[in-house]
Q: 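My structure is below; once you've seen it, I'll send some questions.
Labels below follow one simple rule: chain letters A, B, ... track the order of the sequence lines, proteins then strands, and each chain is numbered from 1.
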Protein chains: 2
Amino acid sequence: MKIKLVKASELKSEILKKLYYENALSCAELSTLFGRSLPIIMKAINELIEEGFVLEVGYAPSSGGRRPLTYAVKPDAMYIMAIAMDQLSTRITIVDLNNKPVAEVEMVELLLNNNAIALDKLIEYINAYILRTGIEKERILGIGIGMPGFVSAEQGINYSYLDAQGQSLNDYIFKATGLPAYVANDSSVIALAEQKFGVAKTQEEVMVINLGWGIGLGMIVKGEVFRGYDGFAGEFSHIPLFEDGALCICGKQGCLEAEASMLVVVEKAKEGIKQGRLSTLQSVINDPLKLMGDAIFEVAATGDPFVIELLSDAGYKIGKALAILIHIMNPKTIVLSGRGAKGGKIMMAPIQLALNKYCIPRLAANIEILISELGFDGEIIGAAVLVMENFNQEKLIINTKRIQMNT
Amino acid sequence: MKIKLVKASELKSEILKKLYYENALSCAELSTLFGRSLPIIMKAINELIEEGFVLEVGYAPSSGGRRPLTYAVKPDAMYIMAIAMDQLSTRITIVDLNNKPVAEVEMVELLLNNNAIALDKLIEYINAYILRTGIEKERILGIGIGMPGFVSAEQGINYSYLDAQGQSLNDYIFKATGLPAYVANDSSVIALAEQKFGVAKTQEEVMVINLGWGIGLGMIVKGEVFRGYDGFAGEFSHIPLFEDGALCICGKQGCLEAEASMLVVVEKAKEGIKQGRLSTLQSVINDPLKLMGDAIFEVAATGDPFVIELLSDAGYKIGKALAILIHIMNPKTIVLSGRGAKGGKIMMAPIQLALNKYCIPRLAANIEILISELGFDGEIIGAAVLVMENFNQEKLIINTKRIQMNT
DNA sequence: TAAACTTAATAAAATATTTTAATATGTTAC
DNA sequence: GTAACATATTAAAATATTTTATTAAGTTTA
C-alpha cells in the first residue's frame, strides 16, 4: 500500500482510522504506512491505548526476527449509526468499530418521492431508535446515511429528495439529533464499503455498480471515492445508450436504467407471464415489488429459463454500458453490488459478451469483474465508513473527553 | 488552492516545481501552500537562490502591510527538451523554465504507423538537434514526449507505435541520449498543458478534448492527470456511440472518431465538393492533408456555409459524446484543445445543442466549455510539463552539482 | 544446538521544525 | 501627517521528530 503523508497533528486520528479499516497492524507497519518514525508512532499508539481507543491484540507471525505486537481498534470505544435508504424503505442500525450491529437493524417504510415530511420522519426514527436501544448519544461518533438521488456529500444536500429548504441535511440532522451527520449518494456509499471491507479491498481503481431498482455507479479513483465537481459524478444510468429505447423516468429515451434495472426486469417478467410465458415466477406475480424482486433471484438460481433470459438481456445491456465506462476510466476492477448482486453470477456471461463486442480488446483484457459478498449489508457498512471518513483529530479529542467523563 | 503536504526532504524540489508553474510567489504564499513554517521556506528559498535556481523578482502589491518579496524560477537555470509527435510528423524543441523555446522548433516527417525504424530515427533527430543547437546536455533536465497511441506513461511503453522490443521507451531513449526521458499519450500531455498554463489553469476537474486527426481525451481529476489502472483511461473516441455508424480504424462501428474527427471532416469536404457542393475550399481540394486541415478553419472563419455545416455536424456528435463524459465525470470545465481548437468557436453552438438534448439538465447546467489558447503549442508545453512533473529532489541535487561544476 | 542473522522495542542523542518575539515596512483612518 | 493597524522578515527559544545505538526476541543455518 502506498504511504500517506499526514500532518503530525492528525496522526492519532489517522492511525485510528487505519486500524478501523485494517483490523490489526504493528507499529512498524504503521510507521512505513505514514512515513514517520517508529518512536512517534509508538507514542501515539500508547496514548490511544491509554485513552481507551486501541488494544493490543497479540503478536503477528515473525518475518525472520522478533514478532511484532499488533494493535487494533477497541470495538466498543465508539459506536456509529448507519442508515441505508432507498426509495421505499429505510434501514437503521448502530454498529461498533468492527461494523457489528450492537442493536437489531430496523427497517421502516419511508417513501422519499413527493414526501414533504420524509426528513422529519427520518429524524423521528433516528431519535426513537437511539432511545429504544438505550445507547448513550455520547458514545455515538456520528450518523452516516446513504440515500438515492442527486446528493452533494460535500454540501450535504440531496437535490432530489429530503428537502431541508436548501439547508444542509448534515446540519439539519445534527441540530435535530445532536449527532454529527453525513449524507451521501447510496451508490457512492456502497463503493466505499466494497473498497474498505468488500471484494475490492484496498484497490485503487474500482467501479462499483449498484444493481437495484435503478442502476447506480460508485467510483473509486486513486483509492478514494470520486464525486466530481458538483458531487454528481457516476450518473451512469442515464447516458444515451440505446437509439430508440424505452422512456425513462428522467424524461429521456434510451437510458440504461430504463432498459436493465431490477424494476424493469420485474415489469418485463409480469408482462411476459401475462402473455403466457411459462415461469415458476407465476405464483408471486401479484406480490409486492420487494418480494417479487427476491423471488426473481430465487427462481433464477433454480434455472428458470424465462427469468434467466430476462437477466441475461439486462446483463448484456449493462455490459454495453460498462464498455463505455471502461473506455473512459480504465479501472482494474468492476464490482457488481447492491440488492441485485445476487443475480451477478447469471449476468456475468452476457456482460462479458458485451464487453467483447464493445470494448477495445486491450482495455477489456485485464478487467476483473467481481460479485459483491457484502450483499444487502453493503450500504449499511458504507454508511458507517462514511462517518469514519469524516473522522479527524478534532473529533478524536471530543470523544476522548467524553470517555474520560464516563469513567 | 489546497495545501499539499510534502516530505521535508522533497521541499526544495517541490518549491522549484511550484515556482515553475506559478511564475512568482512570496515566502508567505509558499508557506501556506505547503503547510510549513516561514523560516523553513525561507531557508529553502535562500539555498535555491544560492544554487542558482531561483531569483528575487521584486515586490508584490501590499495587502495591507509590508510588501512581500516574490521569487521566481531562474529561466535559464535548466532547459527542457519538449517533443510533440503525431502520426505523420514530429516537432522538437528545447525550452527554458519559462517554456520559451531557446532554439527554433524543428518539424520533421516521421511516420509512426508500421515503421520499425521510427524509434531510432527519433533518437537520431534528438541527438542531432541537441548537437546543432549547441546546448550542453548537462543543462537539459530531460526529454518529454507526447505521442499518439496506447501509452502507459508509468511503464514508458507505447503499445501502438515505437516498439522498443517491450523495453521502456524512457529507458531506451535515456540510454541512447544520456538524458532522462518521459513519454505519455499526446492528449494527456495537452491536458497537462491546459491545466498548468492554459485556460484550465489550477482547476481540479477538467476534461480536455484533443481535436485532431483523431479525437483524444486528457483527463484532470483531483488536480492531476488521471490515467487509470493500466494508463489507458480516456479512450473516449472509441466508445459505442452511434448504432450504425461508419467503420472505424479500430475495427468497430459507431465510434466518435469515425464520425467527427478532423480526418473525417476533411474526407467529407472532399466528397461533398466532388459531388458538387459549393465551397471556397475547392481550390485546395488536392492539397496534402495538413494544408487542407488548415484551410478548413480559414474558410470556416470567412463563413463558408458548407464547411460550417460539416463542422457543426461534427460538433453535435462530439457534444453527444461529451454528454456521456459529463454524466460519468461531472467535470467543472471542458476544454477544446489540439490542432482543431481553431474550429471550437463554430462547434460551440452544436455542442451545446447536443448537451441540452442528451444531458440531465442539472449536470449540464454549470459546465464551462472553453477553447484552448495554447493552440498548436499545447503539446509542446505539455511535454515540457511532463518533465517537470517527474522532477524531484534527487534530480535537483544532480543538477546542482552540474551547475557548480560549470561555474 | 549454538552462532549468525533478522526484526522489534526502547532510550538517548542529534536534527529539524515550529512558535514566539522583535524588528522592519507598508496601509488606512482620522 | 500621524497614530493605529496590518503584513513581512529575521532571530532566538521551545518543541517535535528522526537518527542512532542498545537491548530484546525470534529464525535460520551449519
Side-chain angles (χ1 to χ4, degrees), chain A residues 1 3-15 18-19 22-51 54-72 392-394 396-397, chain B residues 1 3-15 18-19 22-51 54-72 392-394 396-397:
Chain A
M1 204 182 302
I3 78 153
K4 181 191 173 187
L5 221 55
V6 299
K7 274 192 282 187
S9 60
E10 295 276 323
L11 187 60
K12 275 167 68 178
S13 56
E14 288 295 323
I15 288 177
K18 204 75 187 174
L19 291 178
E22 297 299 325
N23 213 20
L25 291 170
S26 70
C27 284
E29 286 170 314
L30 286 166
S31 172
T32 53
L33 231 43
F34 289 112
R36 303 199 155 262
S37 66
L38 258 172
I40 211 162
I41 298 286
M42 301 214 65
K43 192 180 144 209
I45 282 280
N46 285 327
E47 282 177 26
L48 285 169
I49 289 175
E50 192 149 320
E51 289 159 1
V54 166
L55 292 174
E56 288 185 5
V57 289
Y59 293 92
S62 164
S63 58
R66 176 172 171 173
R67 292 185 309 179
L69 252 174
T70 62
Y71 302 87
N392 58 23
Q393 197 70 18
E394 187 195 352
L396 175 62
I397 292 166
Chain B
M1 204 182 301
I3 79 154
K4 181 191 173 187
L5 221 56
V6 299
K7 275 193 280 189
S9 58
E10 295 277 322
L11 187 59
K12 275 167 67 179
S13 56
E14 288 296 323
I15 288 176
K18 203 76 188 172
L19 291 177
E22 298 299 327
N23 214 19
L25 292 170
S26 70
C27 283
E29 286 170 315
L30 287 166
S31 171
T32 53
L33 230 46
F34 289 112
R36 304 198 154 260
S37 67
L38 258 170
I40 210 161
I41 297 286
M42 300 214 66
K43 192 181 145 208
I45 282 281
N46 286 327
E47 282 177 27
L48 285 168
I49 290 175
E50 191 148 322
E51 289 159 0
V54 167
L55 291 174
E56 287 185 8
V57 288
Y59 293 93
S62 164
S63 57
R66 176 170 171 175
R67 292 184 310 180
L69 252 173
T70 62
Y71 303 88
N392 58 24
Q393 196 70 20
E394 188 196 349
L396 175 62
I397 291 167

Q: Work out which heavy atom in Phe34(B) is nearest to a heavy atom in Glu14(B); give both atom names and the distance.
A: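 In terms of heavy atoms, the two residues are closest at CZ-O, 3.6 Å.
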Q: Sort me out a list of protein N/O and nucleotides 10-13 of chain C N/O pairs below 3.5 Å, or just none if empty.
A:
none

Q: Have a look at Ser37(B) and say if it touches a base, only the backbone sugar-phosphate, or nothing, with a 4.0 Å heavy-atom cut-off.
A: base
Q: Starting at CD1 of Ile40(A) and ending at P of dA9(C), how long is that distance when rounded to a whole Å?
A: 17 Å
Q: Considering only heavy atoms from C-beta outward, does the side chain of Leu69(B) approach that of Tyr59(B) to under 4.5 Å?
A: yes
Q: Starting at atom OH of Tyr59(B), determine the distance to atom P of dG26(C), rounded to an integer number of angstrom.
A: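 Answer to the nearest Å: 6 Å.
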Q: Using heavy atoms to find the nearest nucleotide of DNA chain D for Ser63(A) and Lys43(A) separately, return the residue whose nucleotide is more 5′.
A: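 Nearer the 5' end of the strand: Lys43(A).
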Q: Among residues at least two apart in sequence or on other chains, which ones pass side chain to side chain donor-acceptor pair (under 3.5 Å) with Ser31(A)?
A: none
Q: May I have the distance from Glu47(B) (atom CD) to dA16(C) (atom P), rounded to whole angstrom?
A: 10 Å
Q: Which nucleotide sits closest to the side chain of Arg67(B): dG26(C), dT17(D), dA8(C)?
A: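 The listed nucleotide nearest to Arg67(B)'s side chain is dG26(C).
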Q: Mind checking what makes salt bridge (Lys or Arg N to Asp or Glu O under 4.0 Å) contact with Lys7(A), not counting sequence neighbours?
A: none
Q: Measure the distance from NZ on Lys7(A) to P on dA16(C) and round it to the nearest whole Å.
A: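 Value for this atom pair: 23 Å.
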Q: Nearest whole Å is fine: how far is dA8(D) P from Ile45(B) CD1?
A: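 The distance from CD1 of Ile45(B) to P of dA8(D) comes to 15 Å, rounded to the nearest Å.
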Q: Please round to 10 degrees the angle between the axis of the first five pairs and the axis of the last five pairs in the helix from dT1(C)-dA30(D) to dC30(C)-dG1(D).
A: 30°
Q: Separation of Leu69(A) atom CG from dT7(C) atom C1', in whole Å?
A: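 About 13 Å, once rounded to whole Å.
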Q: Indicate yes or no: at least one non-hydrogen side-chain atom of Lys18(A) is less than 4.5 angstrom from one of Lys4(A).
A: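 The answer is no, as the side chains (C-beta and beyond) never meet within the 4.5 Å cut-off.
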Q: What is the distance, rounded to the nearest whole Å, between atom CG of Leu30(B) and atom P of dT17(C)?
A: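 Value for this atom pair: 16 Å.
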Q: So, do Leu48(B) and Leu396(B) sit near enough that their side-chain heavy atoms are less than 4.5 Å apart?
A: yes
Q: Could you pull out the closest heavy-atom pair between Val54(B) and Leu19(B), with the gap in Å?
A: CG2-CD1, 3.8 Å
Q: Please state how far atom CZ in Arg36(B) lies from atom C1' in dT19(C), giving the value in whole angstrom units.
A: 15 Å
Q: Sequence neighbours excluded, which residues qualify as salt bridge (Lys or Arg N to Asp or Glu O under 4.0 Å) partners of Glu29(B)?
A: none
Q: Taking only residues two or more places apart in sequence, or in another chain, which ones meet Lys43(B) in a salt bridge (Lys or Arg N to Asp or Glu O under 4.0 Å)?
A: none
Q: Of the options dA8(C), dT9(D), dG26(C), whose atoms approach the side-chain atoms of Cys27(B) most closely?
A: dT9(D)
